[in-house]
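All remarks here apply to the structure that follows.
Every heavy atom of this structure was used, including side-chain atoms; hydrogens, water molecules and symmetry mates were not. Reminder, nothing fancy here: chain letters follow the sequence lines and each chain counts from 1.
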Amino acid sequence: MTGTFEKLRKYLDQKGVKYNELQHPAGESAEDYHRAVGCKWEEQGKCLLIKVKKDGQKAFYIYVLPADKKGNLDAVKNLLSVKEVKLATREELQVATGCDYGELSPLAGATGLRLIMDQSFLDQENIYMNAGDSTKSFVIKVKDLVEAEKPLILEILSNSTISHQSISDTQKPTPESGYSPADIEPKWQAVWEKEGTYRVDLTKAKNPYYNLMMFPYPSAEGLHVGNMYAFTAADVHGRFKALQGYDVFEPIGLDGFGIHSENFALKVGRRPEEHAAISEKNFYRQLHTIGCRYDWAHTLETYDPSYYKWTQWIFVQMFKAGLAYRGKSVVNFCPKCKTVLSDEQVIDGKCERCGTEVAKKEMEQWFFRITKYAQKLLDNLAKIDWSEKIKTTQENWIGRSEGINIKHKVKDLGIEFEVYDSIPQTFMAQTFIVIAPEHPLVEKLVKGTKYEKSVLDFVAKIKRKKKQKSFNIEKEKEGIFTGRYSEDYVGTGQNLPIWVAGFVIKEYGTGIVGSSAHDERDFAFAKQNNLPLKPVLFPKDKKMAEKVRKLEVFYREPDGILEEPAMFAGLRWDEARGPIINYLVKAGYAERVVNYHLRDWLISRQRYWGPPIPMIFCSQCAHEGRGEREEMPGWYCVSEAKLLVLLPKIDDYQPEGNGKGPLAKHPEFYKTTCPSGHPAVRETDVSDTFLDSAWYELRYPSVGSAEADKVPFNKALTQKWLPVDMYTGGAEHAVLHLMYFRFVTMVLHDLGYLEFDEPAKGFFAHGLLVKEGAKMSKSKGNVVTPDEYINRYGTDALRLYLMFMGPVSEGGDFRDFSMSGMRRWVDRVWRYFNAKLENPGKEDDGLLESNKLVIKATDDFPNRRYNTTISAMMIFINETINKQVGKRALKNFLVVLAPFAPHIAEEFYQRLLKVAAKSNVVHNSNTTNKPDLSNCPSSFRSIHLEPWPKVDKNLLKAEKVTVVVQVNGKTRATIEMEASKTAGKAGEKEAINRARRHPRVSKHLQGRSASKIIYLEGRLINFVVS
RNA sequence: GCCGUGGUGGCGGAACUGGCAGACGCGCAGGUCUCAAAAACCUGUGAGGAUAAAACCUCGUGUGGGUUCGAUUCCCACCCUCGGCACCA
């Protein structure tokens, strides 16, 4: 490496090129720098290569990466006054430059000069030149540089013949290592498939382990590297379990029904089912390449009629159990997707799928009564082994709140109503009542009074504002008096005025709130509307208390002291809660209630691409008050025998946003008869995509089974394999998918279909893989597909790279900088094994090292600390590369490697078996991409089904230990001792004596006496001196 | 505001249960080999000081306190990051 900064300076000086130096802010990494410069790493575009030979010495390469290819090309032509400039792809550049090594990005790893273009070659005067030192670079005028190098550049351009080579050519084995993932990976994938290495006999398996990962929805751009990150993490776990002797069932499928897929299909002008067919093919192709141990005999797609028939069946069960109902309410409506959304699907007031601002609309919709299960969803959290983070999030989302409903009666009208209060300690402070504008009671209160018009106008205004999203929830403290009073409030004889206020939420509690001086909102509302306030809680500080009394400040703290009612005076706010609730309940003024934040699951979607909701409505029956369920006259579910309700192929499948789905335009679909034979109509809405994925884990084992079209899930298989042992997925689904997933299982349990009431025993939340600090998304254009990287580095190296980034739970930042480093390591392993297998050591050689590795790995795997396992493997290679290593140690290493790099591990394990069998057959690595299975032995023994190595503890006993010697807690020396000699009194004495004699220690002990000596056997000695 | 998570070199990260801070890797620097590259291999790499060179010394895990022979780890207070929730009465 000669591309030093100073050399570059010298070069520029020599050429007379003017430059400025740019010092990068401290702490900026090369990545930060490149980002700042605005260069996109993943630019698929072409770049211009200029080779600059310098004074017969070393060569610099200048890479110009234009953002806008066409414009820049012309600019380059102009500058150089040439007719033609050829652009090369990165691969071509590699070939042309001979830089055919791991790091293929033209901007990274290139020796010598790097020239990075920001945006436009034409407009951008300055370019940044950075020579190896990422902390500073030169800022040079483009023209100056090109002018100085013109003769050379011209010469090079005229001479260089950039040949067109395909990507696969770049993967040709390098002569040094001979490692070619393009050869071995498809080869072993084919062998595993042929041998059924990952296929489990679902009925006979003795040790079942269901390893599930959240299936992807087939998006437009294909499987991205974030999916692969999650899948690899889950797969490593599954592979480890298999090595431990479990029969691991690891299925995969596609969540291809729903708005997201439909929106994309619409965008590209393709029919949803056509898009599904195309993306299915692509996804399964990609999923085959990422090296996971999928069971390809048990795939499912949610849009497959044989699947969604049973999604509809679940709807029917919900209806029969009284858990599906129609409700009219203000719902979230996405104007772009032209459909309603559940609360969970609205993020920051925007549509979860498309980011459009969500509007409020009053519509009648299908709901699932998930709130009925709120308590169970909460209680069961205690018995499942899910990550705490997810549990907490669910807990918060369910939002259980305990309190009381205080009884009220409207004066003169006699209407009774209740007011929810979760902090009733300050009930004596309540001086007025506020009611939500949407509350039905409002109309009754003002009917026929002089307040009627103004109140109803106010209500209309607030409704309008909320609809238009112009209701500022932070600031609005508007309200209006209804003219009514609550009579004799909790027996105090006081009448409290009833107001309508925009800030009250109709859906929470009773939609009516008792207001006091000890609630911030009420406080502000009262001040604005000149309502009385009566503080009853005061801080201990006299001055502060006076301020509270004068209503100068708002106050509510747990250590405040209550003054009223008299019987509780002197109690602290936090200790008064229980007694006060007891008092109010006993006196009959209130009753205990529990409220939840969780709302019912809005299930209908006015779209095309989903399972039609299997319901029929008969207006005649409705009129006569007949129906399948008493509370829902006119409604019948499609009988189980008549399922499936097939989604018809229609041409006008685009959503119109008129409150009805596209199916509503098709009488041939919706015209039917009710069970009594009257003409009736089918429901034309489809169900939410989250219903599709709320039960898929139940289906996987039964896919392809004899009665797959007769039952949603086979009873025996379900009993054997479920609940899921380990479920891996993203934390972002904590309140969406994971809540519905649990809910559906609970319902099916209560209906007697399942013996368990939780779908997954374990859940692991993987972190998010981001791209240079930003979330990968199509809109940002930074979605990375694994294909490209698999082509360049191989699946094994990519898997290792992803798992080495850090703990899987934390996610990571995908950058292609260090990936070449991992490929280098895989190359190193390749050479290592070639050498070791050629000349294996004695049986015990390397066993100590491999034992240490196995111990570390055994420890790390359950915690998914894969990064440290990989680190331990690197240490093993480093420690033994120049030593003799026996076959046992080699095998141990390969077993640990296998979950991460399944192909290379298999490759060398098979060679190892041959060596062990003293066979003279030398394995020829194929040079074609076609897998050659001819030399695959019939009695194929895959490394992936080998038992996890046992640790030989005797070996470790013989090892020397390092004892740390400290003086006053500061490490001054270390001494080596045999582990066996550090034990007991004798060991202590020996160790201390040796420590004292150590020059570095004695120096610090000189002239001072140790008042205390701490000895930890075999680990540490600490001399405490004054 | 509430709930949760985290803060360690140039970067990703490591450190068992309170016991050598910075494993492993990336990057960078120097070297070997090369006509020259690439690859490979070797060496160095927290900061500061000291020295001809070493040995060595001091500081250092967001900030300030505390507990301890000893603190990245435990306790208290604060600051910041990133998630999630939020007029929930």
Could you tell me how the ring of [X] sits relative to the ring of [Y]: parallel (under 30°), tilted (30 to 60°) or perpendicular (over 60°)?
| X | Y | value |
| --- | --- | --- |
| His408(A) | Tyr489(A) | parallel |
| Trp830(A) | Tyr179(A) | tilted |
| Tyr789(A) | Tyr793(A) | parallel |

Represent RNA chain B in dot-bracket notation, 5' to 3'. Only Watson-Crick or G-U wobble pairs with both distances under 3.5 Å count; pseudoknot-style crossings use [ ] and interstrand partners use |. ((((.((..(((......[....)))((((((.......))))))((((......))))..(((((..]....))))))).))))....
Rounding to an integer number of Å, can you tell me how far [X] [atom1] sits from [N] [atom2]?
| X | N | atom1 | atom2 | answer |
| --- | --- | --- | --- | --- |
| Ile1014(A) | rA71(B) | CD1 | C1' | 14 Å |
| His766(A) | rG83(B) | NE2 | P | 17 Å |
| Arg556(A) | rC87(B) | CZ | C1' | 12 Å |
| His998(A) | rA55(B) | NE2 | P | 14 Å |
| Asp859(A) | rA23(B) | CG | P | 20 Å |
| Met822(A) | rC24(B) | CE | P | 14 Å |
| Leu533(A) | rA89(B) | CG | P | 19 Å |
| His439(A) | rC88(B) | NE2 | P | 18 Å |

Please name all residues satisfying side chain to side chain donor-acceptor pair (under 3.5 Å) with Arg828(A), sequence neighbours left out, ordered by chain then number.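 Counting only residues at least two positions away or on another chain, Arg828(A) forms a side chain to side chain donor-acceptor pair (under 3.5 Å) with Asn878(A).
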Rounded [atom1] spacing from [N] to [M] in Å:
| N | M | atom1 | value |
| --- | --- | --- | --- |
| rA47(B) | rA23(B) | P | 13 Å |
| rG13(B) | rC3(B) | C1' | 28 Å |
| rG84(B) | rG30(B) | P | 45 Å |
| rG12(B) | rG27(B) | P | 15 Å |
| rA55(B) | rG44(B) | P | 12 Å |
| rU8(B) | rA14(B) | P | 11 Å |
| rU32(B) | rA36(B) | P | 11 Å |
| rC75(B) | rU5(B) | P | 13 Å |

With a 4.0 Å cut-off on heavy atoms, is [X] in touch with a base, just the backbone sugar-phosphate, or nothing at all?
| X | result |
| --- | --- |
| Leu1020(A) | base |
| Asn595(A) | nothing |
| Ser871(A) | base |
| Ile423(A) | sugar-phosphate |
| Ser515(A) | nothing |

Dump every N/O contact between nucleotides 12-16 of chain B and the protein below 3.5 Å, one line per pair.
unit_1	atom_1	unit_2	atom_2	d
rG12(B)	O2'	Met805(A)	O	2.6
rG13(B)	O3'	Asn867(A)	ND2	3.3
rA14(B)	OP1	Arg865(A)	NH2	3.4
rA14(B)	OP1	Asn867(A)	ND2	3.2
rA15(B)	OP2	Arg865(A)	NH2	2.8

5'-most by nearest nucleotide on RNA chain B - Ala872(A) or Asn1022(A):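 With Ala872(A) and Asn1022(A) compared, the 5'-side residue is Ala872(A).
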Find which nucleotide of RNA chain B each of Val964(A) and Phe1023(A) is nearest to by heavy atoms, and output the residue with the more 5' nucleotide.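 This one resolves to Val964(A).
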Work out which heavy atom in [X] is nearest to a heavy atom in [Y]; give both atom names and the distance.
| X | Y | value |
| --- | --- | --- |
| Ile433(A) | Phe417(A) | CG2-CE1, 4.2 Å |
| Thr431(A) | Leu533(A) | OG1-CA, 4.0 Å |
| Ser387(A) | Ala765(A) | OG-CB, 3.8 Å |

Restricting to ring pair (Phe, Tyr, Trp, His ring centres under 6.0 Å), what partner residues turn up for Phe1023(A), sequence neighbours left out?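 If we apply the ring pair (Phe, Tyr, Trp, His ring centres under 6.0 Å) test to Phe1023(A), skipping adjacent residues, there are no hits.
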Report yes if a side-chain nitrogen or oxygen of [X] is closer than 4.0 Å to either non-bridging phosphate oxygen (OP1 or OP2) of [N]; otherwise report no.
| X | N | value |
| --- | --- | --- |
| His597(A) | rC85(B) | no |
| Tyr508(A) | rA89(B) | yes |
| Arg972(A) | rC56(B) | no |
| Lys1012(A) | rC69(B) | yes |
| Arg1000(A) | rC56(B) | yes |
| Arg400(A) | rC88(B) | no |

What's the closest nucleotide to the Ile505(A) side chain, out of rG84(B), rA89(B), rC26(B)?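 It is rA89(B).
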Counting only side-chain heavy atoms from C-beta out, which of rC20(B), rU58(B), rC87(B) sits nearest to Gln966(A)?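 Minimum distance to the Gln966(A) side chain belongs to rC20(B).
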Note: [X]-[Y] ion pair, threshold 4.0 Å (strictly below):
| X | Y | result |
| --- | --- | --- |
| Arg400(A) | Glu395(A) | no |
| Arg556(A) | Glu520(A) | no |
| Glu1017(A) | Arg1019(A) | no |

Is the base of rG9(B) syn or anti, where syn means the angle lies within 90° of 0?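 You should classify rG9(B) as syn.
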Distances under 3.5 Å between nitrogen or oxygen atoms of protein and nucleotides 59-61 of chain B:
unit_1	atom_1	unit_2	atom_2	d
rC59(B)	OP2	Lys970(A)	NZ	3.2

Going by atom types only, do [X] and [Y] share a side-chain donor-acceptor pair under 3.5 Å?
| X | Y | answer |
| --- | --- | --- |
| Asp421(A) | Gln430(A) | yes |
| Asp600(A) | Thr371(A) | yes |
| Asp860(A) | Thr868(A) | yes |

Check for a donor-acceptor pair, side chain of His518(A) on one end and backbone N or O of Leu537(A) on the other, with a separation under 3.5 Å.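 Side chain of His518(A) to backbone of Leu537(A): a pair is present.
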Is a side-chain donor or acceptor of Arg994(A) paired with a backbone partner of Glu976(A) at a separation under 3.5 angstrom?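 Flag set: sc Arg994(A) to bb Glu976(A) pair under 3.5 Å.
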Distances under 3.5 Å only, N/O to N/O: pair up the protein atoms with those of nucleotides 1-3 of chain B.
unit_1	atom_1	unit_2	atom_2	d
rC3(B)	O2'	Asn396(A)	ND2	3.3

Are Phe893(A) and Phe833(A) close enough that their ring centres sit under 6.0 Å apart?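 Close enough - the centres of the two rings lie under 6.0 Å apart.
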